[in-house]
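To keep things clear, I will list the structure first and then write my remarks on it.
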2 protein chains.
Amino acid sequence: MTDSQTDGPAGRTPVELYEKVTAQGEKVRSLKAEKAPKADIEAAVKQLLQLKGDYKTVTGQDYKAGCPPSDAPAPQDNGPSPGEGEGEGEGEDVVDPWNVSTSSAKGVDYDKLIVRFGSSKIDQDLVDRIERVTGQRPHHFLRRGIFFSHRDMQQILDAYENKKSFYLYTGRGPSSEAMHVGHLIPFIFTKWLQDVFDVPLVIQMTDDEKYLWKDLSLEECHRYAMENAKDIIACGFDINKTFIFSDLDYMGISPGFYRNVVKIQKHVTFNQVKGIFGFTDSDCIGKISFPAIQAAPSFSTSFPHIFSNRKDVQCLIPCAIDQDPYFRMTRDVAPRIGYPKPALLHSTFFPALQGAQTKMSASDPNSSIFLTDTAKQIKNKINKHAFSGGKDTIEEHRKYGGNPDVDVSFMYLTFFLEDDERLEKIRQDYTSGALLTGELKKCLIETLQPMISAHQERRKLVTDETVLQFMTPRKLAFDY
Amino acid sequence: MTDSQTDGPAGRTPVELYEKVTAQGEKVRSLKAEKAPKADIEAAVKQLLQLKGDYKTVTGQDYKAGCPPSDAPAPQDNGPSPGEGEGEGEGEDVVDPWNVSTSSAKGVDYDKLIVRFGSSKIDQDLVDRIERVTGQRPHHFLRRGIFFSHRDMQQILDAYENKKSFYLYTGRGPSSEAMHVGHLIPFIFTKWLQDVFDVPLVIQMTDDEKYLWKDLSLEECHRYAMENAKDIIACGFDINKTFIFSDLDYMGISPGFYRNVVKIQKHVTFNQVKGIFGFTDSDCIGKISFPAIQAAPSFSTSFPHIFSNRKDVQCLIPCAIDQDPYFRMTRDVAPRIGYPKPALLHSTFFPALQGAQTKMSASDPNSSIFLTDTAKQIKNKINKHAFSGGKDTIEEHRKYGGNPDVDVSFMYLTFFLEDDERLEKIRQDYTSGALLTGELKKCLIETLQPMISAHQERRKLVTDETVLQFMTPRKLAFDY
C-alpha cells in the first residue's frame with residue numbers, strides 16, 4: 001500500500017514524529033534486551049538520532065519521552081510540558097477523541113489540523129473526481145467542506161474504477177439515550193456513500209468503551225446502544241447492505257472479531273497509546289487496550305459472515321476528525337499484520353448552540369437540538385440559545401451587517417439546508433444586514449422542525465425486531 | 001466474603017502492601033483530579049500515609065512508586081531496586097508467571113513463599129478435614145505437601161458441608177505441542193477433586209496469551225491448544241462434568257465471557273498490573289490487559305451455559321503457585337464487581353531433570369520427560385540427565401549415603417509413586433547408602449514407563465470429535 005501522507009520523511013507532523021521517535025526508542029531498547037547483533041543496534045540507534053533530529057527541526061524542541069508535542073494530549077501526571085509558556089500567541093486547538101476545544105469563535109482551524117495530523121485536504125479536484133466516478137452530484141457535506149480531510153481516498157477511487165470493491169465502517173459511542181442532530185452527520189453522509197457506491201456498511205456501537213469511560217453499568221451502555229441503533233436505522237440504511245453491532249454482543253458471537261483484536265493488541269505498546277491518546281499509569285487496563293477494539297472493524301476478517309475469509313477488502317471510514325488518532329494507530333498496525341490500511345474521510349465538528357468553541361455535550365439539553373425535541377422546543381432553544389453573529393441593535397445590524405462565520409444558526413444551515421442558492425442568499429443578506437438575526441433563526445427553525453419531525457416518524461417505525469435484524473450477523477447482498 | 005489472609009491489616013506481605021499503597025496513591029490522585037470534597041481527600045491521604053508507614057515497618061524501606069519490593073517482579077527499565085545489594089545473605093526466590101528461580105538445590109522455599117504471598121499452609125488439620133468431608137483418602141499430592149498452600153479452602157468446605165456447591169477452574173498455556181509430565185500435576189489433582197467433590201470443571205487454554213508472549217502465529221497457538229486438550233482429556237475427565245475452552249474460540253461464542261473481561265478491565269489500572277506482574281511501558285497492550293482474561297473464568301457468569309445466570313457459585317482453582325499473582329488480582333477485583341472471590345489450592349513446582357533450581361522448559365527436550373517419550377527415551381533421559389543426590393563412588397555412597405532432598409529421581413517418585421510405604425523405604429535406603437543411584441533411577445524408570453505408556457494409549461483414543469465435544473459450550477450434568 002502506498003501512503004504518501006505518512007511514509008515520506010518530509011512533511012511529517014510533530015505528533016507523527018513524536019510517535020516515530022517513541023517507537024524507534026522502544027525498538028532500540030528491545031534490540032538491546034535481546035542482545036541483538038551490534039550492527040543492528042547501531043543502525044537502529046542511528047535512525048533514532050535521525051528521527052530525534054527531525055523532531056527538533058519540526059518542533060524546535062528536544063524530544064522528551066512521555067511528553068508529546070503540545071497538539072497531542074499530554075499525560076495527566078507529567079509536569080509542565082516543554083511547550084508550555086513558550087506559546088505561539090494564539091493557543092493551539094485541542095482535538096482528540098475526548099476533548100475538542102479552541103479559542104476561536106469560528107471553531108477549530110481545520111487547515112492547521114490537516115497539517116498537524118498529516119492527512120490530506122478534500123479539494124475541488126477530489127470532489128470533482130467523486131462526481132465523475134459515481135455519476136452523482138456530490139453531497140452538500142462535500143461541496144461545502146464539512147467533510148474536509150481524507151486519507152487514501154484517491155486509492156479507494158482508483159480501486160473502485162477497477163471494479164475492486166471496498167466497504168464502509170463508521171460508529172457511535174452510546175453514552176446516553178438521547179442523540180442530537182450533530183450525531184447524525186456521519187450517518188447522513190455514510191448513507192449517501194452507501195447509496196452512490198453500493199457497498200457493504202458496518203456500524204460499531206462502542207458500548208464497551210462507554211462502560212469503561214463513564215460511570216454507567218454494562219446494562220445501561222448496552223441499552224443505549226440498542227436505542228441509538230434505532231436513530232441510526234431511521235437515517236434510512238438498507239438492511240440488505242448494513243450490519244450494526246454492539247461490541248458487548250458481537251465479541252461473543254463472532255469467530256473473527258476477537259482474533260483481530262488480539263492481533264492488534266500484540267502490535268501496539270503502552271508507550272504508543274500513551275503517545276497517541278495520552279493514557280497514564282492510573283488508567284484502567286480496559287481503556288488502555290480499547291483502541292484495538294475500535295481498530296478491528298477496519299479489517300474485513302472481523303466480519304467473516306460478510307466477507308467470507310477475504311482479508312483484502314479495503315475499508316473506508318467516514319468519521320469526525322477527533323476519531324483520527326484511533327485510525328492513525330490502525331494504519332500503523334495494518335501492514336504489520338498483513339491487512340490493507342483503512343482509508344478515511346474526516347468531518348468538521350458540529351458546533352454547540354452556544355458557539356463553535358466547544359463540541360456539544362449529549363448531557364446538556366440546551367447545548368444542541370436533540371432528535372427527541374418537539375417543534376416548540378426546537379423553536380425555543382434556537383431563539384434562546386443559538387449564538388448570534390448579529391449586532392446588538394436592529395439599527396446597528398442594518399448598518400454594519402452580521403457575521404455568519406460565528407453565527408451558529410447560519411452554521412447549522414450549512415449542515416442542513418440543502419439548497420445552495422438559498423444558503424448563499426441568506427449569507428449575503430445576513431452579512432449586508434438585510435436579514436435580521438430573528439429572521440435567520442426563523443429559517444433554521446423552519447428547516448429543522450420538519451427534518452426532526454420526519455426523523456421521529458421514521459424512528460417510530462423502527463421496531464425492536466428491526467434492530468435485531470440489523471444486528472444479526474449474516475450475509476449481506478454482496479458476493480465475497 | 002471473609003478473607004482472613006488479605007483483609008486484616010496485620011500479617012500483610014510486602015507485595016500486598018506495595019499494591020495497596022499504589023492503589024491508594026492512585027485513589028488520592030483521582031479524588032484530587034475530580035475535585036472531590038476536601039474531607040474525602042484528607043481521609044484518603046491519611047490512609048495513604050498509614051499504608052506507607054505499614055510498608056516501611058514490614059520492608060524496612062520507604063515505598064517508592066514503580067519499584068515493587070524485591071519479591072515482586074521489578075519493572076525492567078528501572079534502575080537498581082531499593083532492595084538490591086542490601087541482601088539477606090541468601091538470595092530470595094523469584095516466583096511469578098514467567099520466571100521461577102532459586103539458588104537452592106532443594107528448590108524454592110515454600111514456607112517463605114506462603115508468608116510472602118499471604119496464603120495459608122495446607123496443614124494436617126486441613127488434609128484431615130478434606131478426608132472427613134469427602135469420605136475419601138486424601139490424594140498423595142495432599143498427603144505429601146505437593147499441594148502445599150491455599151486461599152479460602154476452609155470456606156469452600158464449610159459451604160460444601162452446607163450443600164452449597166462450587167466449581168473447579170484450572171488451565172494451560174499451550175506454547176507447544178509437547179507437554180511434559182510436570183504439566184500433568186494440576187490436571188491429575190483436579191481430576192481427583194472432580195471425582196471426590198462431584199462438581200463442574202472448566203479448563204482454560206490460554207492460546208491468546210501464548211500468541212501475545214511468544215513468537216507464534218494465532219493459528220499455531222490455537223492448534224497447540226487443541227493438541228494439548230487431547231493430553232488433558234487423556235487424564236480421564238468426565239465429559240458430562242467438564243468444559244474445556246480455547247480463549248480464541250470461546251471469546252467469540254460466549255455471551256458472558258467478554259462482559260466479565262470488560263468488567264475486570266475497568267477495575268484494574270496499569271499501575272496495578274505493573275506492581276503485580278512487572279509490566280513496563282514497552283509491553284504491548286495485549287499483555288497489559290491479558291490478566292483480565294485469565295481472571296474471568298473465576299466467575300460463574302462467564303459460563304452461562306453451565307450456571308444459567310447464577311453469579312454466586314464460588315470457584316476453586318488448583319494451580320501451580322506461580323499463577324497466584326493472577327488470582328490475587330482477581331480476588332481484589334471480585335467484591336468490587338459483585339462476585340465471590342475464588343479459592344485456591346497451590347502446588348509446588350515440578351523440578352527439571354537437571355535439578356530443582358529451575359522450572360522446566362517445554363522447549364528443552366532434555367529438561368523433562370515428555371508425554372510423547374518412548375520407554376527407551378525415558379530410560380536414557382533419566383539415566384543421563386536426572387540430577388543425583390548420590391555420592392561420587394559406590395564406596396563413598398555405601399559409607400555416607402545419598403541425599404534424597406536434592407535428588408531429582410527421588411523428587412519425581414514423590415510425585416508419581418503412589419505407594420507411601422515403598423516411597424519411605426526408598427528414602428531410608430537411599431539416605432543410608434543401601435540403595436544406589438542407579439537403583440533409584442531404575443525405580444523411577446519403572447514407575448514412569450508404564451504410566452506414560454498408559455497415557456499414550458488413552459490419548460490415542462481421544463479423537464478430534466471428542467475434543468470438539470469437550471469444547472462445545474453446553475449444559476453439564478448439574479442443575480443451576
Side-chain angles (χ1 to χ4, degrees), chain A residues 22-23 25-27 29-30 33 65-66 76-77 207-209 211-213 217-219 221-222 247-275 279-293 304 329 337, chain B residues 22-23 25-27 29-30 33 65-66 76-77 207-209 211-213 217-219 221-222 247-275 279-293 304 329 337:
Chain A
T22 305
E26 206 179 305
K27 191 178 166 191
R29 270 190 299 281
S30 69
Q76 290 163 26
D77 55 1
D207 40 10
D208 49 357
E209 176 209 1
Y211 170 73
L212 290 166
W213 261 265
S217 71
L218 269 185
E219 292 67 32
C221 294
H222 185 257
D247 285 344
L248 291 175
D249 285 338
Y250 189 56
M251 190 72 82
I253 49 176
S254 167
F257 195 38
Y258 180 58
R259 284 169 195 239
N260 276 343
V261 168
V262 175
K263 277 190 188 177
I264 299 161
Q265 287 180 343
K266 182 172 179 168
H267 294 85
V268 177
T269 65
F270 182 62
N271 262 328
Q272 287 171 303
V273 291
K274 202 159 81 168
F279 294 143
T280 72
D281 289 12
S282 304
D283 278 313
C284 72
I285 58 174
K287 286 186 184 179
I288 290 167
S289 58
F290 175 76
I293 291 171
M329 185 200 85
I337 58 177
Chain B
T22 305
E26 205 180 301
K27 189 177 165 187
R29 272 191 296 280
S30 70
Q76 292 162 23
D77 55 1
D207 41 10
D208 49 356
E209 177 209 1
Y211 171 72
L212 290 166
W213 261 265
S217 72
L218 269 185
E219 292 66 32
C221 295
H222 185 257
D247 285 344
L248 291 174
D249 285 339
Y250 189 56
M251 192 71 84
I253 51 176
S254 167
F257 195 39
Y258 180 59
R259 284 171 195 237
N260 276 342
V261 167
V262 175
K263 276 190 188 178
I264 298 161
Q265 287 180 343
K266 182 172 179 169
H267 293 87
V268 176
T269 65
F270 182 62
N271 263 324
Q272 288 172 304
V273 293
K274 200 160 81 169
F279 295 144
T280 73
D281 289 12
S282 303
D283 278 313
C284 73
I285 59 175
K287 287 186 184 180
I288 290 168
S289 58
F290 174 76
I293 289 169
M329 185 200 87
I337 58 177

### Query
Do you know which of V262(A), D247(A), V268(A) has the most heavy-atom pairs under 4.5 Å to chain B?
V268(A)
### Query
Taking atom CD1 of I288(A) and atom CZ of F279(B), what is their separation to the nearest 0.5 Å?
11.0 Å
### Query
When rounded to the nearest 0.5 angstrom, what distance separates CD in Q265(B) from SG in C284(A)?
8.0 Å
### Task
Measure the spacing between CD1 of I253(B) and CD1 of I253(A) and express it to the nearest 0.5 Å.
12.0 Å
### Query
Which residue pairs pass the salt bridge (Lys or Arg N to Asp or Glu O under 4.0 Å) test when at least one of the two sits in residues 249-273 of chain A, sequence neighbours left out?
D249(A)-R259(B), R259(A)-D249(B)
### Query
Quick one: of H267(B), K287(B), H222(B), M251(B), who has the most non-hydrogen atom pairs under 4.5 Å with chain A?
M251(B)
#### Entry: Any S282(A) side-chain heavy atom under 4.5 Å of T269(B) side chain
no
### Query
By a 4.5 Å heavy-atom criterion (distance strictly below it), what part of S289(B) contacts chain A: side chain, backbone, both, or neither?
both
#### Entry: Heavy-atom contact with chain B under 4.5 Å, split by part of V273(A)
side chain
### Message
At a 4.5 Å cut-off on heavy atoms, which part of L212(A) comes close to chain B: side chain, backbone, both, or neither?
### Response
both
### Query
Measuring heavy-atom distances to chain B, does F257(A) have an atom under 4.5 Å in its side chain, in its backbone, in both, or in neither?
neither
### Message
Between I293(B) and Y258(A), is there a side-chain heavy-atom distance shorter than 4.5 Å?
### Response
yes
### Message
Between I337(A) and chain B, with a heavy-atom cut-off of 4.5 Å, which part of the residue counts as in contact: side chain, backbone, both or neither?
### Response
neither
